[in-house]
Structures are given as structure tokens and as C-alpha cells.
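First the structure, in the form of C-alpha cells, and then the observations on it.
Worth saying up front: this structure is predicted, and the values here are computed from it rather than measured.
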Amino acid sequence: MAVVSAARQWKDLFEKNVHLPPAFDRVHTAHDISTPFCIGLKSIEGLSQRLDVGKQPENQIRVSLYDATYKNFLGRQWLGPLTTAQGGGENKPRLKYNQNVYFHTSINSIGVMAIVEVISITMDQNGNTKYHPCGWTIVRIFKTDEELPDSSRSSTVPVQKIQMYYGSPRALYFMEEPLEENNLLKQIPECFLHCTIATHKAMLYAMTVMPENVIVGNNDIIPGLQDGNTPGKDRLKKAKLHKQVLCTIEALNIHLPPSVEKFEDELCALLSEDRRHRENRQTGTNVSIVERRLLIGVHNGWCYLSKPELHHLDVWSEGNKVMKPQASPSMRRSQKYMSTSVRSLNGAVSQHGQGTMLVLKNRLEISELLEDPMLSLVFTLEYVIGEPISQEERKMYSSLSRGNSRIVALRWCAWNPFLHPNQENISISLMGGAVPNPNDDLTYKLPDTKMQDADAGKHAGGSINFYWKCSMDAQSLHVPMGAPHFLQGSMPSVRSDDGSEALPSPDSGKKPPSGRVKEERERKGSFAGPHSLQVPQMQMPQMQMPQTFYPQGYPQQMPQMPPMYGMAPNTYMPMMQGPAYDISHRQPSIPPPHPEISEQVFRPTHTPIMMPLPQPDRAQGLSRAAYARLYSAGFHPILDRNKEPPEVIDPNVPVQIDLIKEEQDTLQCNEIIFQFLAFSKYGSDIQEKNKHAGTVFFTFQFYRCPQVTTERLLLAKPQNDLSSDPLSMPFILQRLEKDGALSNGPPGLEVKYYMDPMSMKIGEVSLLLSHLYRQRLHIDVWDGDSLMRIGSASVPLMYLCRSGHEAVQSTFELDVVMMEYDDPNLIAGTQSQGAQPLGIQSMMKGKLHFRMANVGHYSDPKANLMDGMLTKTQQGITPKKKVARAHHITESNREVAALLHSHQDQVIPERDNNREGDSEKLRKLSRMEAVRQKEGIDNKFNTIMNYKTEKQERMRDFKTLEIYRNQSKKDGILNMLSQAITTDHVINPAFGSTEFFEFVLKNPYNVQQTFTVEFDDKYLHVITDAREWRYFKQLNGLQSPLEEGMFTKQSKSQFAEIFLRPKETVYIPFKYLSFKADHTVHPQGPVDPFKKSEKKIEKSEDTLKESLIRVHFNGEDSKSVSIMSLKVQPIPHVIDQTFRFHSPEQTFLKRSIRIPMDSLPGVPVGGRGLNQLFVRCSDPNIITECKATQPGEPLDVYLKVAMGASPQIKRFYIAIFTDAFMSKPIQVWQVYAHSLQRVDVSCVEGQTSRFSLLLRGTQSSRLVRCFSSNDQEMQLYPNEQFMLAAGAVHELSVAVRPLNEGIKIFHLNVVDIEYHQLIRNWLICVTCRSPMISRVFDLSLPVGGGKGSSKRITYTNPYPHKKTFILLTNEPELLQFKETRIEVEGGAEHTIGLRFAPVMKTGASEVMVFINDEDDKNEETFKINATYS
């Protein structure tokens, strides 16, 4: 009896839990994962209320969710317990509540808020309940300026104090954002709500049993959720689900009285008649059944625990024991039914007599069921109905020539598996008609049973029969108390062997909550009301509306009916505004509630977390003096098309960009100009100003254009007044001649890009403007002598938007920053506990003076594709023109040419005087003929024998050509016929970008056919997933029809197959996605402007080579009925970031790059809601992945590369997507992985360690020089240039003296100084330990200006003889010695003079003083603890 009561409780809970879905646009823009929240209602102070007859009223707090953007309430209203205000006096009492409410939502918008209302409940003299509003307020849940804490953690959540208002929340319907500033709101003086707002990640495992956007409390009954052991304790604070049980269902069959054939005939007749009346026509209204489907899901009275599973049904006949062929596109073949299933169906047939039934041939396993007796399995029978259109409509709407299809719900039932755990044979009666059901569908009517007995009426809708097994323990189940019981006799029949009954009743008034959203299904409104009030319920009329299809499958918005509950006039209830669409199909992607082994998010210690390339925000303009100095330096001027200076835009002033205005500009051709003016050395490099300043070169990539590596530029003239930073030394950039002398031209380097819309594909102009508006140009600065990277700079491209001007220009002073990463992975034996962030040091290396401009021009209509995106430096590049001409047959066919006997010089080509350039060609031919005649050369035959021989050869050649034509005639005719059924299509894919298109395929035969889509290309795919198809249709704005399960899934062929009815037309979705990229690596170093490199350019453009793909649509006879000729013209892709990694050779490079969520396009502010990125690499041998995290947590891209032998360099690309279907990457990274020979060195801080390296000569002798990445801590010998003999072995001496403890990475390059090529490089990994400290001094120094402070310490020579010592320190910027080299007699004492530099801030510093001998070995170390106060 307890189990039967549990079934009734499910029905009670199902009818009571009615909630409102959000607006339609909210559903389709929400995130895929839901975030749980907890609102703690602490107290309300200063609450004013009236007293009736001196009685203290009871107060109740009600909470609901409200969407201010669409002006509708979400979910349902939570009604809290009744309580009485205490303290605070008679007029201003204090209401202590201390209640927590919970909900989860996937909508991350500031417009969604919680509405808290306080209601005072009193009783009048007649015993009637009166409701008085006491106040309400707005609780903002989502805020863009702060992150919410998590209530499940041990940290205390801050309490917020929110102002209360007079009146009722119904006023929200007449208010616009911002609500708090509306004049209609009147504050209650000194009345505040004290509450806490936090996320609640402890509820992640329990979100499957609670619908989205529904507020619940601790007192709500939630089946599937475990009750706490302590009475009164908040069980949602640490929510846990019941244990899962595994159930299996076999031999499932459905009987529809009187038979399936008659049931379907009646259904089709009624639907056809309804369509005839609806469309007001007499012919062409017949409908057909396309699919028969069964939905099975676990429901807890609130929602489905997961999306119901869809299973296809077949018609089973007792007479022939075979499955009837089905018209569904996804089930095109009839198969013999399994013998075991056939035997199990005999019992069902004997019960219902001869006839047909619907059967499910597969065995079902249900794993979502929990050990809770209030859960039920819901079965829903639905048909897919096809409605063909007439011939007139086919001609009028050729793009929608396929008939419409829609889903019709026929029957449903709910079964509690805990009723009879020991029974295997189950038979359940089906229900239908206008009754509420978990799917929120209007089901097909039941037969009229007024003239039949009661037992026949129970089974009028049919029955579902199956065998089931379950692994649950019936003794451990318990029924929660507290739910109201039903009257006896309100439960229809569920037949089992013992005849007991339990099933929800069809007599119900309120509409149930929705469990999922089905495609192309009517969306109907739902009714909401308070769930805690026990009030009489009324029958609600259902609104029956014809189903109408609209573009992209979105139905028309229908108004909502107001709720009709017997409520007090002042009782507040949220009302639905706008369309109602269910989103309960959004189930959170979380692991099982009690997994035996669960994988946690773990970042291995060998993958240090790195940040992407720095993006310095300082792109400041120059001062007035700097501008004047630049103009006087003689740089190449920038002029517009009218030879006038462009409009100057100040980077220090914010600019307003209107992309629509940019697209409507008449000057569509943009001439982008980049000028490199000067480079400023910074920091320690200023000390070398008397030496040779050196050379630099730059690498960058703009938009889709090829990467640019500039030539070497000399840092020529220092200009102190060119920079605003006093610590930098600016140098004017000067070009060099071939012999190394200064160029006579203007200083600086200029790079131009011509972006002509006529050379771009359709729609790329808007992409270019969007790129300029949002992206930054990253510039790498390299040392032209050592070939080591100095740093990186970035400049926003938004200043290139002309905003209606003829031309614009901006000048910047960019920070050149070098990010140094201390890599613990390079040190053997280094271990760390957990995932520790990598130590990153940002060092300022200099400043780049950079000018960019955009000059507008009119577009050239004669431009070819990609000819406009050319890079032009001072020497210029001329595009090559492609000329196509007809060839002689002897040139195109070698076999025919070998058979012909005519002389080649007698073959006279046909003349076409209309072609361009023929006049010049004829003039040259006439001159050659005149020269031959003058020299006596005559090719004509002068004898009769020669004429006869020539005639015979000509006749033989004519016969040969005739034979060739007859042989090739068949191929030519077939080629012409294939062209008649061939459709040409051109796509321009880029790396990682999906090109989506649809092909219209029509069955030309009068019989049904199964067609195969055959093609030979690994990058072209047929989309068979309906979800992916729908996603790309919405993304591209296509309005063509969509059909689920259109392709045959049972086919063993590698190609997609589709079943078409006679003369039927369908849309075949295709996508082209390629990750092929150019992996060639150019030599590290600057380009030589005097050397041509055409072969390398041609090799690098192989990935952009055009290709032709022929897609054949073959019938069952393997003959093509249609051919699609797909021409693929790849275009270059945009590179957003460039990474360079150095790793030891023959090892695995493992890195973890953290994504800056705030800078990614298409990501919400703060990155909320995005829990996973999808990563693909251009090299399949490289492993890349991004693991899913919780919303708000950082996302890391993991990278694993197998390194080769030194000095190999790997180049590859990484595409990052936010969608699982990888439509378009939001970021494309270019990664260089350098394999270096690793050398490990262990040394002591402040002491020199020496080692040697062997350098082998190349095939030819070279003049080389060695360079170090840190000249202060690493010295090389020889340190000057030397001749590296061919094949010889040279020994390099290296001395390392680190001044800080820890791990350091140094790079050593051997460069050919004549050709500026990298010969060899090493990776020096230094592990430095601290020395033994002999003496410690504490020193207090003043803070402020002046000349600093002088101190003295003494040192005694421990040796009996005279010895020389060298003084060093690890802080040369803070401490200087009076003399760095001292001589001390044996046993004598010497005073060391110390000079401390002035410091402007308070703090403390540890300064080491190293005393080394002449061999730079450490004798003693003093430690000075300097405190600045």
C-alpha cells in the first residue's frame, strides 16, 4: 500500500509543480551549462504593517525570478513559511527569517533578477484570510563588476543590505531598466532586506532533479534527493542524490485497438480533414505517416532527470512474422525480427487477438533511475506526419518543394517501477486526450466509451506491454511522508499478475511542466500559481491552435491565458508575458551522482601554466616635440589620393567607430601603410650607448596576408627628445645597402597593403573592417646581429578605420616587452606539489616608434582574387597575370603526336585577330619570314615527289585523327551529358573555418530509390546529425526545411545513403572543414632585400592550391542522377597570436596556455557560462586539448609536441572554438617549437662556473660570432668573430656567474655575420644554489632623495700571504662598492666602502656581498638586511 501511495504522490507532485519558461530568445541565447545559486534571506528591518484587532499578523516572504528585458517572470513563486515579526517597537518590527532558497539557471544576464515580496496575513472577524502587501525589493543576481563567492566553501559570504519599496511587484510590467532609478518606485524609509547572494557548486550533482529557473527551499519535496540525517537541517546545502539502479526492458510492444491499421487510417483521415478545413481546399490534403516513435524518460514530478530517449517502432504482423517496411528516412530497410522477440510477442497477441502491433526490437537499458519510490517512467507514443504540397505550390515555392512534416503526440502513460519489483510481465494502459502530461503536448483523443463498461473504458487508449528487470532492493525503499493522498478510485488501471492498480488519473485541471523541447512542435503556454496554498482547482480549457511553420523552425508567438485560481485579490502571482517555451531539456553536463571513480580537473606538474603573448596597453601618442623631431628626420611622407596629408588621429583621445558607416564608404579600397620609424633601447642597454648600437628587424602578420620578415635596420642616430621616457635612448632606423653602408633614401621602413574589395570574396569587406575594429597587430622585435628576440609590441588596429575621411594616420610609442618564463620542466628532479603557476617576469626592453595610416581609394573592377592583398616594401612586388590559350592536339595528347607524320613547322595555328597582343605577334612573325626569304630559306616543297609524300602523310594523319575522334567521341558525349546534370559551386575555405552549404537533390524516377552520396575527399563531409545541421542553418540564416533522421543509419557503406520517394526533393547538407596549413619554416633571421626567393614563396603556397571535388549522387544501379562540381579555392587565415617555445631535443614539449577570457570575441563579460573550449591542431601528430571546467574558472589549452633533433624547428597552428561543431575559430595561434641541445650547469650564486662546448663546422667555411642571451651573467670565449673552418671542430669556453638563486635559462647562438644566418644554438639550463653566508648585517636606511647613504664594513684576510679579492653584489642597482678590487696583506684587516642608492619607497631588501678570489671563486658571502623607513 505504501508503494501505491508513492504513485499517487508522484501524480500530486506532477500536477502541483507548474512553472513558467523564459522568453524564446532567452532559451536560444542561454549557455549550455547551468549555474546553481543560493540566496540567503536573513532578516528584514524597519518593516511597517497594520495591526487588526490588536493581533500580531503573520508574515510570509515570497521570492520569484523576473526578466526585465522581456518583462516576464520565470519558474514559479516560492512561498516561505509563516513567521511573526519580533522586536523593534510596534511600528518598526524586525522580521528574522534565516531561510535559504536555491535555483540554477543557464541565463547569464543582468536583466534577470530575484523579486522578494513580504506579505502580511491576517484573519478578519468572519474568519476570512486577508493578504496585505508590506513591501518588495529587487535583488540583482548577475553583476558585471564583481564575481560572486561560493556558499559551499568555508569562507563567509558577505551580507548585502537592499532597500525595500512600497506597493506590489506588478508595477514591474510598466517599468524599464534601470529599475532602481524609476520614478514609480517609492522607498520605505529605513526598511532594508539583509540577504546573501552566492553560487552553490555543492548543488551541481543534484541539478538533474530540479527544473531550471525554479526556486526551491528545504521544505520542498524533490524526489531523487536524499533527506538529511538531522531533522530540520538544510539538505540542499550539501545535496546528494539516491543511488542509481539499472533497469532493462525487453520485448516492448504497443497495442492500439481495434488494430494498428484501423487506428492509423482513422488518424490520417482526421488529419487530412483538419488540413482541408484549415487550408480551405479540396484536393492534395492527404497526409502520410513517416515515422513511429516512442519516447522513454525518468520523471520525478518536477522534470525529466535527463532528456527522454527516442526509439523507432516497427509494425509487427502475426500472419507473416515480419516487420513491415517503414517510410521513414532513417529506417529504410525491412528486417527479420529477432526470434526471441517474436516468441515473446506471442503472449501479447493471444491477449489482443489477431492483428498488428507496434514493437521495439531493441533491448533498452535505463540507467537514470534512482532508488526513490516517487520516480516514474514516462512513455510517450508519437507519429511523424508528412504533409505533401501540391504541384502549384511546387512551382511557386521551388525552394520548399519538400512536404512539411510535423510531430503528433498520440498516447502516453506513467509507470512506477517500484510497484512490483518482483513482477516481470508488465501491461500499462495508455492515455490520451486533452489531459496534462509531462511533455506538455496536446495528445490524440480517446475513443468514445460511454456505452461500454468501466473496464473497457480503462483500456480504450490501448496498452503497452514489456518484460523488465531491475537491480534495486525493494526492502530498502521508503516513502516520504507529508504528501497529500488522493480519493479512492482516481487511479486508472495498471495491470499486473496480481491485479493491483496505480497510475495517474486523466482527470486533472492544471497543465504540467514541460520536460523537453521537440523540434517542429507546437509550443503552448503554461499556467502558474502559488504552490503552497491549498485552494480549490478549476478545470482549465486547453487552447487548440493550428500548427504553423515559420522560418528556421520557429513558431509564431502566442499570447498566454491568465491563471484562474481561487485566490485573494491581494495575493501576488507572477504572470507570463510573451511566448512560453520550455527549456527543461537543458540538462547540466555533470558526472554521475556517486561515481566509483571520478576524474578531477588536474593540471600536471610538467605542464606549467603560461599566459598568451603580452598585449601592452600603452599605445600612447607622441609629444609635440617628438612629432616635430619626426617630421624633421625626413621620413617618407604619407599622402592621400589628392596628394594631401591624412587626418591625424590622436591615440590618447578615445575614438568612436561605426562599422556601418565604414561599410558604406565610397572609397572601398584601403591602402594600409605601416612605417617603422625609430627604436628606443631601455634599461641596461643605455649603458652601451658609446658602443655600436646594432641592428634590428621585425616580424608580423596583418590580416590574411603572408607573414612579413623585414630586412635589417641600423640603429643610426640617437635622438634624446624623441621619446617621452627619460630612461630610453631612441635611435632612428636606417636601411642598409648591400655592402653595409647607410642607404641614401629616407630613414625608416615602410610596408604597404592594398586591400581591394574586388579581389576579396563576397562579405569579406565586413570581416576586414571587424578585424580592424577588434584586433591588434603584434610585432616581434629581433636583434639583427644575434638573431635573438628582443621583445614584442602590439598596437590596436582600430585607428585605421577612416570614419568617412579620405585618409587617416596615427603615430605611436609602443612598449616592447619580453616575457621570461622560468621553466621547471627543464630541470631534472624538480618536483612541485599540485598545480603551481609559472613564475613570469615581464621586462621592458625598449620602445618602438611606429606610424600607421589608411588611405582610401576607389576599387579596381579588373582586380583578380587575392591580387589586392599584396605586400609592398620599398623595392615593390609586381603581381603576375595568368594567360590561358588553346593548345594544339599534339601538345595535349602525346600518343596522337607520336602517330602523326606532318612536320611541326608546317602546322599553321588558327589566327584570331581580335585577341589582345596579336598585332605585335604578327609583326614579329612577318619580320622572321622576311629574314628567312632573304637568307634563302624556303620550307615549301619544290618537287612533285615531295608534294606526293606530303599528301600521303597528310592523308594518313587525317585517318589517324578520325580514329582518335571516334574513340574519344563516347567520352566526349558522356562528358557533355554529365555536364547537363552537374552543378558548379565555389567555396573559399580558410584554416579551421567551416564552409556550410546545401545541395538540392531530386529523385527523377517514378519509383522510390536509395541514393548514395559518393566523393573522395577527407575534408568534405555530409552532415547527418540533425543538431549540427540545425546549428549551421541558424548560423547562416538558411530557411530551407530540416528533417531529422534523413539518412539511413543501418547502411554498412562508407558513404551516406538517403531514401527518396518518387519525384521527391530533399536538401543535402555539406560542410567543408580543413586543418591543412603550411608547416614550412623559414630560416631564422632577416630577409635579404637584394636576393630573390621565388622558389620558397611557391613552396609555401602549396596549401592554397585550388582543388576540384566531384560529388556523385548515385542510384541503386550505381548511375549518377546528379553531380556537384565543388571548386575549392582556399584563402589565407588570420593569425591572432604567435608563440615560440624552446625545448631540449628528443623530448616532449608540454605546455598549458591559459586563455584570457575577457579578450576573446564572442565570450560574455567575465567569461561566465563558458566552461569548455574545443581545440584542433594542424599537425595530427601534436596533441592539443582543453578540459571542461566550471563556469567562471579559467580555461587552459594543453599542448604536447614531440621534439626532434637540434636545430629542428616545428611550425604548426592551433584553432580554438567555442562551439562543439567548430564553425569558426575565435582564435588561431601560430606556434614555433625550437629543438635545442640542452646543457645542464650547476653553480653557486656569485661564483663563476666554466664549461666547454664543441662546435662543428659546416660544409663551407664561415665567419661566425657567438652571442649570449644575457651578457652580464654569461661570458663567451672567443667573444669576437672568428673563422669556422669547414668540417673542423672548435671549442667554445663558457663562463656563467648567476647573481640570483634559482633556475635560469640562457640561450647561446652562433651566427654567420656575413649572411646573418643561424648556424647553431644551445639551451643552457643553470641551477644556482645559495652560498654559505659567513656574516649577517642589519642596516636601517632613510627613504627619500639625495645622494644615498655610505657605510663601511671590515674584512680580514684569512691567508698568511697577500691576496687579491673581487667584490660583487646581487643588487647592483642598490649597492655600489668604492672599489671592486682590493688587495689585503696576510692576516690584515681591510675596510670595504659601501654606497647605497636612494630609494623613494619604504620596504626591505636582502643584499648579498660576494668576496671572490682572482679565479672568481667565492671566499666569503656577507648578507645585509637593508630596511628603508
For this session: For Leu1001 and Ser1122, run side chain to side chain contact (heavy atoms under 4.5 Å, CB included): C-alpha distance rounded to whole Å, both residues' side-chain angles, the deciding distance at 0.1 Å, then the answer.
Result: CA-CA 7 Å; Leu1001 176 64; Ser1122 184; 4.2 Å; yes

Problem set entry | From CA spacing to verdict: salt bridge (charged side-chain N to carboxylate O under 4.0 Å, His left out), Glu1028, Lys1033 | CA-CA 9 Å; Glu1028 184 178 4; Lys1033 287 174 71 68; over 6 Å; no

For this session: Apply the test salt bridge (charged side-chain N to carboxylate O under 4.0 Å, His left out) to residues Glu273 and Arg278: give CA-CA distance (whole Å), side-chain angles for both, the deciding distance (0.1 Å), then the verdict.
Result: CA-CA 8 Å; Glu273 182 181 0; Arg278 184 174 70 250; over 6 Å; no

Problem set entry | Arg1110 vs Thr982, side chain to side chain contact (heavy atoms under 4.5 Å, CB included): CA-CA, chis, key distance, verdict | CA-CA 9 Å; Arg1110 295 181 65 86; Thr982 300; 4.0 Å; yes

Exercise. Which is it for Val1066 and Val1000 under the side chain to side chain contact (heavy atoms under 4.5 Å, CB included) test, yes or no, and what are the steps along the way?
Worked result: CA-CA 6 Å; Val1066 295; Val1000 181; over 6 Å; no

For this session: Given salt bridge (charged side-chain N to carboxylate O under 4.0 Å, His left out), test Arg406 with Glu387 step by step and report yes or no.
Result: CA-CA 8 Å; Arg406 60 190 179 105; Glu387 296 180 349; 2.8 Å; yes

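One finds the CD atom of Glu365 at 11.0 Å from the CD1 atom of Ile249 (value rounded to the nearest 0.5 Å). Taking CH2 of Trp412 as the reference point, atom CE of Met431 lies at 3.5 Å (rounded to 0.5 Å). Distance check: Met1046 CE to Glu1057 CD gives 13.0 Å after rounding to the nearest 0.5 Å. Atom CG of residue Leu1126 and atom OG1 of residue Thr983 lie 11.5 Å apart, to the nearest 0.5 angstrom. The distance from the CD atom of Gln1008 to the CG atom of Asn1003 is 9.0 Å, given to the nearest 0.5 Å. For the atom pair CD1 (Ile1109) and CG (Asp1017), the distance works out to 3.5 Å, reported to the nearest 0.5 Å.
Between Ile464 and Cys413, the shortest heavy-atom contact is CG2-SG, 3.8 Å. Closest approach of Gly992 to Phe1075, counting heavy atoms only: CA-CE2, 3.8 Å. Minimum heavy-atom separation, Phe1047 to Pro1069: CZ-CD, 4.1 Å. Shown here for Ala409 and Asp441, the closest heavy-atom pair between the two residues is CB-CB, 3.9 Å. Closest approach of Pro1130 to Glu1106, counting heavy atoms only: CD-CA, 4.3 Å. Pairing each heavy atom of Leu310 with each of Glu382, the nearest pair is CD1-OE2, 4.3 Å.
Using modelled atom types, one finds a donor on one side chain and an acceptor on the other under 3.5 Å when comparing Glu998 with Ser1040. Under 3.5 Å, the side chains of Trp1029 and Gln1034 contain no donor-acceptor pair of N or O atoms. A side-chain N or O of Glu1014 and one of Asn1114 form a donor-acceptor pair less than 3.5 Å apart. Counted by atom type alone, His1112 and Ser1120 present one or more donor-acceptor pairs between their side chains at under 3.5 Å. Judged purely by distance below 3.5 Å, without hydrogens or angles, the side chains of Thr994 and Lys1224 never pair a donor atom with an acceptor atom.
Within a 6.0 Å radius of CG in Asp1016, no more than 12 heavy atoms belonging to other residues, nucleotides or ligands are found.
Using a 4.5 Å cut-off on side-chain heavy atoms (C-beta onward), Gln979 and Leu977 make no contact. When side chains are defined from C-beta on, Tyr467 does not count as touching Asn465, because their heavy atoms never get closer than 4.5 Å. Using a 4.5 Å heavy-atom cutoff, the side chains of Phe379 and Leu430 are not in contact. No side-chain heavy atom of Pro308 sits less than 4.5 Å from a side-chain heavy atom of Val378. Side-chain contact between Leu360 and Asn253: absent, with no pair of heavy atoms (C-beta onward) separated by less than 4.5 Å. For the pair Tyr1031/Phe996, no side-chain contact is recorded, criterion being any heavy-atom separation below 4.5 Å from C-beta on. By the 4.5 Å heavy-atom criterion applied to side chains, Leu1060 and Thr1065 are not counted as neighbours. Under the 4.5 Å side-chain criterion, counting only non-hydrogen atoms from C-beta, Leu270 is in contact with Tyr444.
Phe1055 has its ring centre no less than 6.0 Å from the ring centre of Phe1011. Between Phe999 and Phe1113, the distance separating the two ring centers is shorter than 6.0 angstrom. The aromatic ring centroids of Phe1217 and Phe1174 lie 6.0 Å or more from each other.
Panel note: side chain Ser993, backbone Pro989; no donor-acceptor pair is recorded below 3.5 Å.
The aromatic rings of His299 and Tyr304 lie perpendicular to each other, with more than 60° between the two planes, well past the 30° mark. Note: Phe997 and Phe1070 have parallel aromatic rings, judged against thresholds of 30 and 60 degrees for the angle between ring planes.
Ion pairing of Arg292 with Glu264 is present here, as a side-chain N (NZ or NE/NH1/NH2) and a carboxylate O approach within less than 4.0 Å. Between Arg1027 and Glu1044 no salt bridge is recorded (no basic side-chain N to carboxylate O distance below 4.0 Å).
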